[in-house]
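Comments concern the structure below.
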Amino acid sequence: MKIYALIDCNSFYASCEKVFRPDLKNRPVVVLSNNDGCIIARSAEAKALGVEMGGPYFKIKAELARKGVRVFSSNYELYGDMSARVMDILRGFSPDIEVYSIDEAFVGLDGTDDLDAEGRRIKRRIYTWTGLPVSVGIAETKTLAKIANRIAKKSPKAGGVLDLFKSRFREKALEATDIIDIWGVGRRLSKRLRNMGINSALDLSRANEQIIRKEFGVTLLRTVLELRGISCIPLDMAPPPKQGICFSRSFGRPVEELRELKEAVASYSARVAEKLRGQESVAGAIDIYITTNRFREEDPQYSAHLTRTFPVATSDTSEIIDYAASGLERIFRAGYRYKKAAVTATGVVPADSVQTNLFDTAMRGRNENAISVMDELNHRFGRDTVVPAATGLGAAWHMRREMKSPAYTTDWDELPRAI
DNA sequence: TCTGGGGTCCTAGGACCC
DNA sequence: TCTGGGGTCCTAGGACCC
(Lines give C-alpha, C1' and ligand atoms only; values in the text may rest on other atoms or scores of the structure.)
Protein backbone atom coordinates (compact mmCIF):
# COMPACT_ATOMS: atom_id res chain seq x y z
CA MET A 1 0.00 0.00 0.00
CA LYS A 2 1.33 3.36 -0.99
CA ILE A 3 1.50 6.18 1.52
CA TYR A 4 2.06 9.74 0.41
CA ALA A 5 3.00 12.72 2.54
CA LEU A 6 2.74 16.22 1.14
CA ILE A 7 5.06 18.68 2.85
CA ASP A 8 4.25 22.29 2.03
CA CYS A 9 6.03 25.36 3.42
CA ASN A 10 3.63 27.87 4.92
CA SER A 11 3.62 31.27 3.16
CA PHE A 12 6.96 30.24 1.71
CA TYR A 13 8.38 33.49 0.32
CA ALA A 14 7.17 35.53 3.29
CA SER A 15 8.56 32.93 5.70
CA CYS A 16 11.96 33.01 3.96
CA GLU A 17 12.15 36.77 4.46
CA LYS A 18 11.19 36.35 8.12
CA VAL A 19 13.93 33.82 8.81
CA PHE A 20 16.52 36.56 8.37
CA ARG A 21 14.49 39.25 10.13
CA PRO A 22 13.68 37.99 13.64
CA ASP A 23 12.32 41.45 14.42
CA LEU A 24 9.43 40.67 12.04
CA LYS A 25 8.24 37.67 14.03
CA ASN A 26 4.45 37.91 14.42
CA ARG A 27 4.39 40.91 12.09
CA PRO A 28 2.46 40.99 8.78
CA VAL A 29 4.74 40.56 5.76
CA VAL A 30 4.05 40.41 2.01
CA VAL A 31 6.29 39.68 -0.97
CA LEU A 32 5.80 41.30 -4.38
CA SER A 33 6.24 39.93 -7.89
CA ASN A 34 8.66 41.25 -10.48
CA ASN A 35 8.59 45.03 -10.96
CA ASP A 36 6.75 45.07 -7.62
CA GLY A 37 3.60 44.38 -9.63
CA CYS A 38 1.38 42.38 -7.35
CA ILE A 39 1.33 40.38 -4.13
CA ILE A 40 2.52 36.80 -4.46
CA ALA A 41 3.00 35.80 -0.82
CA ARG A 42 1.48 36.83 2.50
CA SER A 43 2.44 35.82 6.02
CA ALA A 44 -0.30 34.46 8.27
CA GLU A 45 -0.57 37.86 9.95
CA ALA A 46 -1.06 39.57 6.58
CA LYS A 47 -3.73 37.03 5.64
CA ALA A 48 -5.50 37.74 8.91
CA LEU A 49 -5.57 41.43 7.99
CA GLY A 50 -7.44 40.52 4.82
CA VAL A 51 -4.62 41.21 2.35
CA GLU A 52 -5.58 39.56 -0.96
CA MET A 53 -3.33 37.27 -3.00
CA GLY A 54 -2.51 38.57 -6.49
CA GLY A 55 -3.79 42.06 -5.77
CA PRO A 56 -1.99 44.84 -7.65
CA TYR A 57 0.37 46.56 -5.25
CA PHE A 58 -0.25 50.13 -6.41
CA LYS A 59 -3.91 49.84 -5.49
CA ILE A 60 -3.33 48.83 -1.88
CA LYS A 61 0.03 50.41 -1.14
CA ALA A 62 -1.44 53.02 1.20
CA GLU A 63 -3.63 50.50 2.94
CA LEU A 64 -0.67 48.19 3.60
CA ALA A 65 1.37 51.06 5.01
CA ARG A 66 -1.48 52.07 7.29
CA LYS A 67 -1.80 48.53 8.62
CA GLY A 68 1.93 48.30 9.26
CA VAL A 69 2.54 45.51 6.73
CA ARG A 70 6.21 45.06 5.80
CA VAL A 71 6.67 44.76 2.03
CA PHE A 72 9.51 42.91 0.25
CA SER A 73 10.50 42.71 -3.40
CA SER A 74 11.00 39.10 -4.39
CA ASN A 75 14.42 37.50 -3.97
CA TYR A 76 14.33 34.23 -5.91
CA GLU A 77 17.95 33.33 -5.15
CA LEU A 78 17.14 33.26 -1.46
CA TYR A 79 13.97 31.23 -1.98
CA GLY A 80 15.77 28.71 -4.21
CA ASP A 81 18.47 28.29 -1.61
CA MET A 82 16.02 27.77 1.26
CA SER A 83 14.04 25.35 -0.87
CA ALA A 84 17.11 23.21 -1.53
CA ARG A 85 17.77 22.98 2.22
CA VAL A 86 14.23 21.81 2.92
CA MET A 87 14.40 19.17 0.17
CA ASP A 88 17.72 17.88 1.53
CA ILE A 89 16.19 17.46 4.97
CA LEU A 90 13.27 15.53 3.45
CA ARG A 91 15.70 13.18 1.70
CA GLY A 92 16.89 12.24 5.17
CA PHE A 93 13.43 10.81 5.88
CA SER A 94 12.87 8.90 2.64
CA PRO A 95 14.63 8.42 -0.68
CA ASP A 96 11.21 8.46 -2.36
CA ILE A 97 10.70 12.14 -2.91
CA GLU A 98 9.15 14.20 -5.65
CA VAL A 99 10.04 17.87 -5.53
CA TYR A 100 6.74 19.23 -6.80
CA SER A 101 7.43 22.94 -6.65
CA ILE A 102 9.75 25.38 -4.95
CA ASP A 103 7.88 25.01 -1.65
CA GLU A 104 6.28 21.55 -1.86
CA ALA A 105 7.33 17.94 -2.03
CA PHE A 106 5.62 14.56 -1.97
CA VAL A 107 7.42 11.97 0.12
CA GLY A 108 6.72 8.23 0.08
CA LEU A 109 6.31 6.90 3.62
CA ASP A 110 5.54 3.24 2.84
CA GLY A 111 6.23 0.97 5.78
CA THR A 112 6.00 3.68 8.44
CA ASP A 113 4.01 2.60 11.50
CA ASP A 114 3.10 5.80 13.26
CA LEU A 115 2.44 8.23 10.44
CA ASP A 116 1.28 11.07 12.64
CA ALA A 117 4.47 10.90 14.71
CA GLU A 118 6.62 10.76 11.59
CA GLY A 119 4.82 13.80 10.18
CA ARG A 120 5.53 15.72 13.36
CA ARG A 121 9.20 14.72 13.29
CA ILE A 122 9.44 16.07 9.74
CA LYS A 123 7.80 19.33 10.72
CA ARG A 124 9.96 19.78 13.79
CA ARG A 125 13.23 19.02 12.04
CA ILE A 126 12.59 21.43 9.17
CA TYR A 127 11.70 24.17 11.61
CA THR A 128 14.73 23.53 13.81
CA TRP A 129 17.18 23.36 10.93
CA THR A 130 15.84 26.14 8.67
CA GLY A 131 13.39 28.24 10.67
CA LEU A 132 10.65 27.53 8.12
CA PRO A 133 7.19 26.38 9.23
CA VAL A 134 5.67 23.57 7.16
CA SER A 135 2.41 21.63 7.07
CA VAL A 136 2.23 17.90 6.49
CA GLY A 137 -0.69 15.98 4.98
CA ILE A 138 -0.64 12.18 4.74
CA ALA A 139 -2.93 9.80 2.81
CA GLU A 140 -3.02 6.92 0.34
CA THR A 141 -3.13 9.15 -2.76
CA LYS A 142 -1.50 12.43 -3.70
CA THR A 143 -4.85 14.16 -4.14
CA LEU A 144 -5.95 13.09 -0.64
CA ALA A 145 -2.57 14.12 0.78
CA LYS A 146 -3.17 17.56 -0.69
CA ILE A 147 -6.51 17.76 1.07
CA ALA A 148 -4.99 16.53 4.34
CA ASN A 149 -2.28 19.16 4.02
CA ARG A 150 -4.79 21.92 3.46
CA ILE A 151 -6.73 20.98 6.57
CA ALA A 152 -3.53 20.59 8.58
CA LYS A 153 -2.62 24.13 7.63
CA LYS A 154 -5.98 25.66 8.55
CA SER A 155 -7.15 23.66 11.54
CA PRO A 156 -5.70 24.78 14.89
CA LYS A 157 -6.48 21.32 16.28
CA ALA A 158 -4.26 19.55 13.75
CA GLY A 159 -1.15 21.45 14.78
CA GLY A 160 0.18 21.48 11.23
CA VAL A 161 0.04 17.71 10.66
CA LEU A 162 -2.90 15.57 9.52
CA ASP A 163 -2.81 11.86 8.78
CA LEU A 164 -5.82 10.75 6.74
CA PHE A 165 -4.40 7.34 5.85
CA LYS A 166 -7.18 4.80 6.38
CA SER A 167 -8.73 7.42 8.64
CA ARG A 168 -12.31 7.37 9.81
CA PHE A 169 -12.25 11.14 9.38
CA ARG A 170 -11.73 10.93 5.66
CA GLU A 171 -15.37 11.35 4.73
CA LYS A 172 -15.62 14.36 7.03
CA ALA A 173 -12.51 15.86 5.45
CA LEU A 174 -13.93 15.40 1.96
CA GLU A 175 -17.22 16.89 3.00
CA ALA A 176 -15.48 19.96 4.40
CA THR A 177 -13.45 20.48 1.23
CA ASP A 178 -15.02 22.71 -1.39
CA ILE A 179 -14.73 21.56 -4.98
CA ILE A 180 -12.53 24.53 -5.95
CA ASP A 181 -9.95 23.49 -3.34
CA ILE A 182 -9.32 20.09 -4.91
CA TRP A 183 -5.99 19.59 -6.67
CA GLY A 184 -6.78 19.60 -10.39
CA VAL A 185 -10.10 21.42 -10.20
CA GLY A 186 -9.89 25.05 -11.24
CA ARG A 187 -12.32 27.86 -11.87
CA ARG A 188 -13.87 26.50 -15.06
CA LEU A 189 -14.29 22.91 -13.96
CA SER A 190 -15.72 23.91 -10.59
CA LYS A 191 -18.37 26.01 -12.30
CA ARG A 192 -19.48 23.16 -14.52
CA LEU A 193 -19.44 20.70 -11.63
CA ARG A 194 -21.56 22.98 -9.46
CA ASN A 195 -24.15 23.10 -12.22
CA MET A 196 -24.38 19.33 -11.85
CA GLY A 197 -24.90 19.65 -8.10
CA ILE A 198 -21.35 18.59 -7.23
CA ASN A 199 -20.14 21.03 -4.58
CA SER A 200 -17.75 19.20 -2.27
CA ALA A 201 -14.90 16.73 -2.60
CA LEU A 202 -17.26 14.13 -1.13
CA ASP A 203 -19.78 14.80 -3.93
CA LEU A 204 -17.05 14.46 -6.54
CA SER A 205 -15.75 11.22 -5.04
CA ARG A 206 -19.24 9.77 -5.48
CA ALA A 207 -19.76 11.00 -9.03
CA ASN A 208 -20.51 8.59 -11.86
CA GLU A 209 -17.30 7.44 -13.53
CA GLN A 210 -18.72 7.17 -17.05
CA ILE A 211 -20.22 10.63 -16.95
CA ILE A 212 -17.04 12.18 -15.61
CA ARG A 213 -14.94 10.42 -18.25
CA LYS A 214 -17.25 11.47 -21.06
CA GLU A 215 -17.94 15.05 -19.99
CA PHE A 216 -14.59 16.03 -18.47
CA GLY A 217 -11.90 13.64 -19.68
CA VAL A 218 -9.42 11.31 -18.06
CA THR A 219 -7.76 13.94 -15.90
CA LEU A 220 -10.81 14.53 -13.75
CA LEU A 221 -11.60 10.80 -13.71
CA ARG A 222 -8.19 10.24 -12.14
CA THR A 223 -9.02 12.87 -9.55
CA VAL A 224 -12.29 11.08 -8.71
CA LEU A 225 -10.49 7.77 -8.24
CA GLU A 226 -7.78 9.42 -6.15
CA LEU A 227 -10.45 10.89 -3.88
CA ARG A 228 -11.71 7.32 -3.35
CA GLY A 229 -8.25 6.26 -2.23
CA ILE A 230 -7.17 4.63 -5.50
CA SER A 231 -3.75 5.98 -6.40
CA CYS A 232 -3.55 7.05 -10.07
CA ILE A 233 -0.83 9.68 -9.92
CA PRO A 234 2.44 8.04 -8.89
CA LEU A 235 5.46 9.73 -7.36
CA ASP A 236 7.54 11.33 -10.07
CA MET A 237 10.98 11.09 -8.54
CA ALA A 238 13.08 11.97 -11.57
CA PRO A 239 11.09 14.46 -13.58
CA PRO A 240 12.38 14.56 -17.15
CA PRO A 241 14.12 17.72 -18.29
CA LYS A 242 11.75 20.54 -19.09
CA GLN A 243 10.05 20.33 -22.48
CA GLY A 244 9.75 24.07 -22.80
CA ILE A 245 11.96 26.75 -21.34
CA CYS A 246 10.50 30.19 -21.08
CA PHE A 247 11.73 33.60 -20.12
CA SER A 248 9.09 36.29 -19.93
CA ARG A 249 8.95 39.69 -18.31
CA SER A 250 6.68 42.69 -18.10
CA PHE A 251 8.33 46.01 -18.81
CA GLY A 252 8.41 48.68 -16.13
CA ARG A 253 6.99 51.15 -18.66
CA PRO A 254 5.38 50.88 -22.09
CA VAL A 255 7.80 50.19 -24.94
CA GLU A 256 7.06 51.43 -28.46
CA GLU A 257 10.35 51.16 -30.36
CA LEU A 258 11.38 48.01 -32.19
CA ARG A 259 14.95 48.72 -31.13
CA GLU A 260 14.04 48.53 -27.45
CA LEU A 261 11.98 45.37 -27.91
CA LYS A 262 14.91 43.83 -29.73
CA GLU A 263 17.18 44.49 -26.79
CA ALA A 264 14.72 42.86 -24.42
CA VAL A 265 14.16 39.84 -26.68
CA ALA A 266 17.92 39.42 -27.18
CA SER A 267 18.58 39.35 -23.45
CA TYR A 268 15.66 36.97 -22.82
CA SER A 269 17.01 34.74 -25.61
CA ALA A 270 20.42 34.69 -23.98
CA ARG A 271 18.85 33.63 -20.69
CA VAL A 272 16.92 30.85 -22.41
CA ALA A 273 20.11 29.62 -24.06
CA GLU A 274 21.84 29.60 -20.66
CA LYS A 275 19.02 27.60 -19.12
CA LEU A 276 19.17 25.12 -22.00
CA ARG A 277 22.88 24.55 -21.56
CA GLY A 278 22.40 24.40 -17.79
CA GLN A 279 20.29 21.26 -18.18
CA GLU A 280 22.34 19.97 -21.15
CA SER A 281 19.48 20.33 -23.58
CA VAL A 282 18.91 21.79 -27.01
CA ALA A 283 15.80 23.41 -28.46
CA GLY A 284 14.16 22.47 -31.74
CA ALA A 285 12.43 25.82 -32.10
CA ILE A 286 12.09 29.21 -30.51
CA ASP A 287 8.86 31.10 -29.93
CA ILE A 288 8.64 34.89 -29.60
CA TYR A 289 5.64 36.57 -28.03
CA ILE A 290 4.86 40.25 -27.56
CA THR A 291 1.78 41.94 -26.19
CA THR A 292 0.35 45.31 -25.22
CA ASN A 293 -1.06 46.09 -21.78
CA ARG A 294 -4.42 44.36 -21.58
CA PHE A 295 -5.37 46.41 -18.53
CA ARG A 296 -5.22 49.66 -20.49
CA GLU A 297 -8.48 49.16 -22.32
CA GLU A 298 -8.30 52.64 -23.82
CA ASP A 299 -5.10 51.67 -25.69
CA PRO A 300 -5.21 49.78 -29.00
CA GLN A 301 -4.50 46.13 -28.23
CA TYR A 302 -2.18 43.80 -30.08
CA SER A 303 -0.47 40.55 -29.29
CA ALA A 304 1.28 38.09 -31.51
CA HIS A 305 3.65 35.18 -31.42
CA LEU A 306 5.73 33.33 -33.95
CA THR A 307 7.62 30.06 -33.83
CA ARG A 308 10.89 29.67 -35.71
CA THR A 309 12.31 26.18 -36.19
CA PHE A 310 16.04 25.54 -36.18
CA PRO A 311 17.57 23.39 -38.92
CA VAL A 312 19.38 21.52 -36.16
CA ALA A 313 18.31 21.66 -32.54
CA THR A 314 20.60 24.06 -30.71
CA SER A 315 21.50 25.83 -27.48
CA ASP A 316 23.84 28.30 -29.16
CA THR A 317 23.29 31.79 -27.78
CA SER A 318 23.94 33.77 -30.95
CA GLU A 319 21.86 31.43 -33.10
CA ILE A 320 18.93 31.67 -30.71
CA ILE A 321 19.25 35.47 -30.53
CA ASP A 322 19.34 35.68 -34.35
CA TYR A 323 16.25 33.59 -34.82
CA ALA A 324 14.35 35.39 -32.09
CA ALA A 325 15.26 38.78 -33.52
CA SER A 326 14.11 37.92 -37.01
CA GLY A 327 10.89 36.45 -35.59
CA LEU A 328 10.32 39.62 -33.63
CA GLU A 329 10.75 41.74 -36.76
CA ARG A 330 8.02 39.78 -38.47
CA ILE A 331 5.40 40.20 -35.74
CA PHE A 332 6.29 43.72 -34.65
CA ARG A 333 3.73 46.40 -35.55
CA ALA A 334 4.49 50.06 -34.99
CA GLY A 335 2.07 52.30 -33.13
CA TYR A 336 1.45 50.09 -30.11
CA ARG A 337 2.58 50.42 -26.51
CA TYR A 338 4.09 47.04 -25.66
CA LYS A 339 3.98 45.77 -22.09
CA LYS A 340 5.49 42.34 -22.15
CA ALA A 341 7.67 40.01 -24.19
CA ALA A 342 8.46 36.32 -23.85
CA VAL A 343 10.93 33.93 -25.44
CA THR A 344 10.20 30.20 -25.19
CA ALA A 345 12.38 27.33 -26.31
CA THR A 346 10.21 24.41 -27.47
CA GLY A 347 10.97 20.91 -28.63
CA VAL A 348 13.59 20.72 -25.89
CA VAL A 349 15.50 17.44 -25.78
CA PRO A 350 18.72 16.28 -24.12
CA ALA A 351 21.69 17.43 -26.18
CA ASP A 352 23.14 13.94 -26.46
CA SER A 353 19.93 12.54 -27.91
CA VAL A 354 20.21 14.69 -31.00
CA GLN A 355 22.88 12.64 -32.73
CA THR A 356 20.78 9.53 -32.16
CA ASN A 357 17.72 11.22 -33.61
CA LEU A 358 19.69 12.41 -36.59
CA PHE A 359 20.92 8.91 -37.25
CA ASP A 360 17.38 7.57 -37.08
CA THR A 361 16.28 10.25 -39.51
CA ALA A 362 19.05 9.28 -41.84
CA MET A 363 18.12 5.60 -41.66
CA ARG A 364 14.50 6.38 -42.41
CA GLY A 365 15.64 8.04 -45.60
CA ARG A 366 17.26 4.73 -46.64
CA ASN A 367 19.66 6.56 -48.88
CA GLU A 368 22.92 4.74 -48.51
CA ASN A 369 24.63 7.11 -50.86
CA ALA A 370 23.74 10.20 -48.88
CA ILE A 371 24.82 8.56 -45.64
CA SER A 372 28.18 7.56 -47.06
CA VAL A 373 28.68 11.05 -48.50
CA MET A 374 27.91 12.49 -45.07
CA ASP A 375 30.41 10.13 -43.51
CA GLU A 376 33.05 11.10 -46.01
CA LEU A 377 32.51 14.82 -45.44
CA ASN A 378 32.68 14.33 -41.73
CA HIS A 379 35.82 12.28 -42.08
CA ARG A 380 37.50 14.94 -44.22
CA PHE A 381 36.42 18.05 -42.37
CA GLY A 382 35.93 16.74 -38.88
CA ARG A 383 33.16 15.14 -36.93
CA ASP A 384 29.68 16.71 -37.25
CA THR A 385 30.59 18.95 -40.17
CA VAL A 386 27.46 17.74 -41.94
CA VAL A 387 24.37 16.53 -40.16
CA PRO A 388 20.88 15.78 -41.37
CA ALA A 389 18.34 18.07 -39.70
CA ALA A 390 16.09 16.38 -37.20
CA THR A 391 13.01 18.30 -38.20
CA GLY A 392 11.22 18.88 -41.46
CA LEU A 393 9.95 16.53 -44.08
CA GLY A 394 12.38 14.30 -45.82
CA ALA A 395 16.01 14.93 -45.11
CA ALA A 396 17.46 18.37 -44.72
CA TRP A 397 21.21 18.63 -44.81
CA HIS A 398 22.84 21.24 -42.74
CA MET A 399 26.47 22.13 -43.06
CA ARG A 400 28.06 23.89 -40.18
CA ARG A 401 29.14 27.46 -40.54
CA GLU A 402 32.82 26.69 -39.92
CA MET A 403 32.97 25.53 -43.51
CA LYS A 404 33.88 28.21 -45.98
CA SER A 405 30.97 27.35 -48.23
CA PRO A 406 28.01 26.63 -46.00
CA ALA A 407 25.41 24.64 -47.84
CA TYR A 408 21.90 23.74 -47.00
CA THR A 409 19.73 21.46 -49.02
CA THR A 410 16.52 19.56 -48.52
CA ASP A 411 17.30 16.84 -51.02
CA TRP A 412 19.28 13.69 -50.28
CA ASP A 413 20.57 13.58 -53.84
CA GLU A 414 21.85 17.13 -53.64
CA LEU A 415 24.33 16.30 -50.94
CA PRO A 416 27.18 15.09 -53.16
CA ARG A 417 27.11 18.46 -54.94
CA ALA A 418 27.76 20.22 -51.67
CA ILE A 419 31.29 18.89 -51.61
C1' DT B 1 2.79 56.02 -13.40
C1' DC B 2 1.75 51.12 -11.23
C1' DT B 3 -1.91 44.44 -12.50
C1' DG B 4 3.89 37.99 -11.96
C1' DG B 5 6.51 34.23 -14.09
C1' DG B 6 7.17 29.44 -15.38
C1' DG B 7 5.39 25.33 -16.27
C1' DT B 8 2.35 20.54 -17.55
C1' DC B 9 -1.18 17.69 -19.62
C1' DC B 10 -5.07 16.67 -22.65
C1' DT B 11 -7.92 17.06 -26.78
C1' DA B 12 -9.44 18.26 -31.31
C1' DG B 13 -8.46 18.83 -35.89
C1' DG B 14 -5.62 18.95 -40.06
C1' DA B 15 -1.99 16.95 -43.07
C1' DC B 16 -0.31 13.07 -44.79
C1' DC B 17 0.30 8.10 -45.67
C1' DC B 18 -1.11 3.33 -47.11
C1' DT C 1 -14.47 10.38 -59.39
C1' DC C 2 -13.71 11.91 -54.37
C1' DT C 3 -15.56 7.21 -52.12
C1' DG C 4 -13.31 4.32 -47.10
C1' DG C 5 -10.78 2.76 -42.88
C1' DG C 6 -6.85 3.11 -40.08
C1' DG C 7 -2.86 5.14 -38.53
C1' DT C 8 0.85 8.82 -37.22
C1' DC C 9 2.51 13.25 -36.45
C1' DC C 10 2.02 17.99 -35.55
C1' DT C 11 -0.17 22.20 -33.85
C1' DA C 12 -3.33 25.17 -31.42
C1' DG C 13 -5.92 25.99 -27.63
C1' DG C 14 -7.97 25.06 -23.17
C1' DA C 15 -7.46 24.03 -18.43
C1' DC C 16 -4.80 23.51 -14.59
C1' DC C 17 -0.74 23.93 -11.27
C1' DC C 18 2.53 26.69 -7.97
Side-chain angles (χ1 to χ4, degrees), chain A residues 6-13 30-41 52-62 64 71 73-76 79-80 83 98-106 142-143 146 149-150 179-193 213-223 232-233 236 239-255 268 271-272 275 279 284-285 287 289 291-297 299 304-307 309 337 339-348 361 364 390-394:
Chain A
L6 174 65
I7 292 88
D8 184 313
C9 301
N10 304 345
S11 315
F12 183 56
Y13 295 170
V30 301
V31 177
L32 304 177
S33 67
N34 234 43
N35 289 330
D36 292 347
C38 57
I39 292 170
I40 54 172
E52 294 280 319
M53 185 77 160
Y57 178 49
F58 74 92
K59 276 192 182 166
I60 52 171
K61 194 172 180 177
L64 292 184
V71 178
S73 297
S74 43
N75 178 353
Y76 291 104
Y79 312 147
S83 172
E98 172 187 347
V99 177
Y100 180 68
S101 76
I102 192 164
D103 71 333
E104 270 177 66
F106 290 100
K142 286 163 115 181
T143 304
K146 275 267 192 187
N149 184 288
R150 195 168 167 281
I179 197 105
I180 190 76
D181 296 318
I182 301 170
W183 190 40
V185 178
R187 229 182 53 246
R188 297 297 275 266
L189 282 180
S190 64
K191 219 172 181 175
R192 290 174 58 199
L193 287 167
R213 173 69 184 89
K214 196 155 158 279
E215 300 288 324
F216 299 92
V218 294
T219 315
L220 193 67
L221 179 60
R222 276 200 279 265
T223 300
C232 305
I233 310 173
D236 192 357
K242 308 251 184 286
Q243 297 169 14
I245 290 182
C246 173
F247 195 92
S248 103
R249 283 285 180 279
S250 298
F251 308 130
R253 55 180 174 75
V255 168
Y268 299 0
R271 294 295 299 273
V272 167
K275 287 193 202 178
Q279 63 169 44
D287 189 275
Y289 170 80
T291 184
T292 50
N293 188 345
R294 67 195 158 96
F295 293 105
R296 290 184 58 96
E297 286 169 15
D299 277 6
H305 78 105
L306 182 82
T307 305
T309 305
R337 296 152 63 87
K339 176 61 184 170
K340 178 175 173 178
V343 175
T344 307
T346 59
V348 174
T361 307
R364 269 204 301 279
T391 55
L393 297 170

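It should be emphasised that the depicted structure is a prediction, and the values quoted were computed from it without experimental measurement. The chains referred to below are lettered A, B, ... by the order of the sequence lines, with proteins before strands, and numbering in each begins at 1.
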In this structure, how many angstroms lie between the C1' atom of B:dG7 and the CG atom of A:D236, rounded? 14 Å
Scan A:I245 against the nucleic acid and name what it touches under 4.0 Å (heavy atoms): base, sugar-phosphate only, or nothing. sugar-phosphate
Contact class for A:K146 (heavy atom, under 4.0 Å): base, sugar-phosphate, or nothing? sugar-phosphate
Heavy-atom closest pair (A:D36 atom, A:S73 atom, distance to 0.1 Å) is OD1-OG, 2.8 Å
Collect all protein-nucleotide pairs involving nucleotides 8-14 of chain C in which both atoms are nitrogen or oxygen and the distance is under 3.5 Å.
none

Write down the distance between CZ (A:F251) and C1' (B:dG5), rounded to a whole number of angstrom. 14 Å
With a cut-off of less than 4.0 Å, is there a side-chain N or O of A:S33 near OP1 or OP2 of B:dG5? no
Can you tell if the side chain of A:W183 reaches within under 4.5 Å of the side chain of A:I233, non-hydrogen atoms only? yes
May I ask you to decide if A:F251's main-chain N or O and A:K340's side chain share a donor-acceptor pair within less than 3.5 Å? no
Whole-Å distance between B:dT3 C1' and A:E52 CD? 14 Å
Describe the nucleic acid contact of A:R222 in one word from base, sugar-phosphate, nothing, applying a heavy-atom distance below 4.0 Å. sugar-phosphate
Ignoring the backbone of A:C38, work out which of B:dG4, B:dC2, B:dG6 is nearest its side chain. B:dG4
By the 4.0 Å heavy-atom rule, please label A:Y57 as base, sugar-phosphate, or nothing. nothing
In terms of side-chain heavy atoms of A:R249, which of B:dC2, B:dG5, C:dC18 is nearest? B:dG5
Give each stem of DNA chain B as a range with a range, requiring at least 3 consecutive Watson-Crick or G-U wobble pairs whose two distances are under 3.5 Å. B:5-18 with C:5-18
Within 6.0 Å of CD in A:Q279, more than 12 heavy atoms from elsewhere: yes
When we call it a touch if two heavy atoms are under 4.0 Å apart, what does A:I182 touch: a base, just sugar-phosphate, or nothing? sugar-phosphate
By nearest atom, which of the nucleotides B:dG5, C:dA15, C:dC18 is closest to the A:Y100 side chain? C:dC18
Within this structure, what is the CG-to-P distance between A:L32 and B:dT3, rounded to whole angstrom? 12 Å
Which residues pass the salt bridge (charged side-chain N to carboxylate O under 4.0 Å, His left out) test with A:R296, sequence neighbours left out? A:E298, A:D299
Within the 4.0 Å heavy-atom criterion, would you say A:K61 contacts the bases, only the backbone, or no part of the nucleic acid? nothing
A:R253: partners by salt bridge (charged side-chain N to carboxylate O under 4.0 Å, His left out), with sequence neighbours left out: A:E260
Among all residues two or more places apart in sequence or in another chain, which pass the ring pair (Phe, Tyr, Trp, His ring centres under 6.0 Å) test with A:F247? A:Y268
A:F58 side-chain proximity, nearest of C:dC16, B:dG7, B:dC2: B:dC2
Within this structure, what is the CD-to-P distance between A:E215 and C:dA15, rounded to whole angstrom? 14 Å
In whole angstrom, give me the gap between the P atoms of B:dC2 and C:dC18. 30 Å
Is A:E98 close to A:K142 at the side-chain level, that is, under 4.5 Å between some pair of heavy atoms? yes
Minimum side-chain heavy-atom gap A:R337-A:N293 below 4.5 Å: no
Of the options C:dC18, B:dG7, B:dC2, whose atoms approach the side-chain atoms of A:K275 most closely? B:dG7
In this structure, how many angstroms lie between the P atom of B:dT3 and the CZ atom of A:R337, rounded? 12 Å
Counting the atoms with a prime plus P, OP1 and OP2 as sugar-phosphate, which does A:R253 contact under 4.0 Å by heavy atoms, base, sugar-phosphate, or nothing? nothing
Atom of A:P56, atom of A:C38 and distance for their closest heavy-atom approach: CA-CB, 3.9 Å
Check the distance between C:dC18's P and A:Y13's OH and give it to me in whole angstrom. 12 Å
Mind checking ring pair (Phe, Tyr, Trp, His ring centres under 6.0 Å) for A:Y79 and listing every partner two or more places apart, or none if nothing turns up? A:Y13, A:Y76
Using a cut-off of strictly less than 4.0 Å, decide whether A:S250 has a side-chain nitrogen or oxygen near OP1 or OP2 of B:dG5. yes
Where the side chain of A:K340 is defined as all heavy atoms beyond and including C-beta, which of B:dG5, B:dG4, B:dG7 is the nearest nucleotide? B:dG5
Base, sugar-phosphate, or nothing for A:I102, non-hydrogen atoms under 4.0 angstrom? nothing
CG of A:D103 versus P of B:dG7: gap in Å, rounded? 16 Å
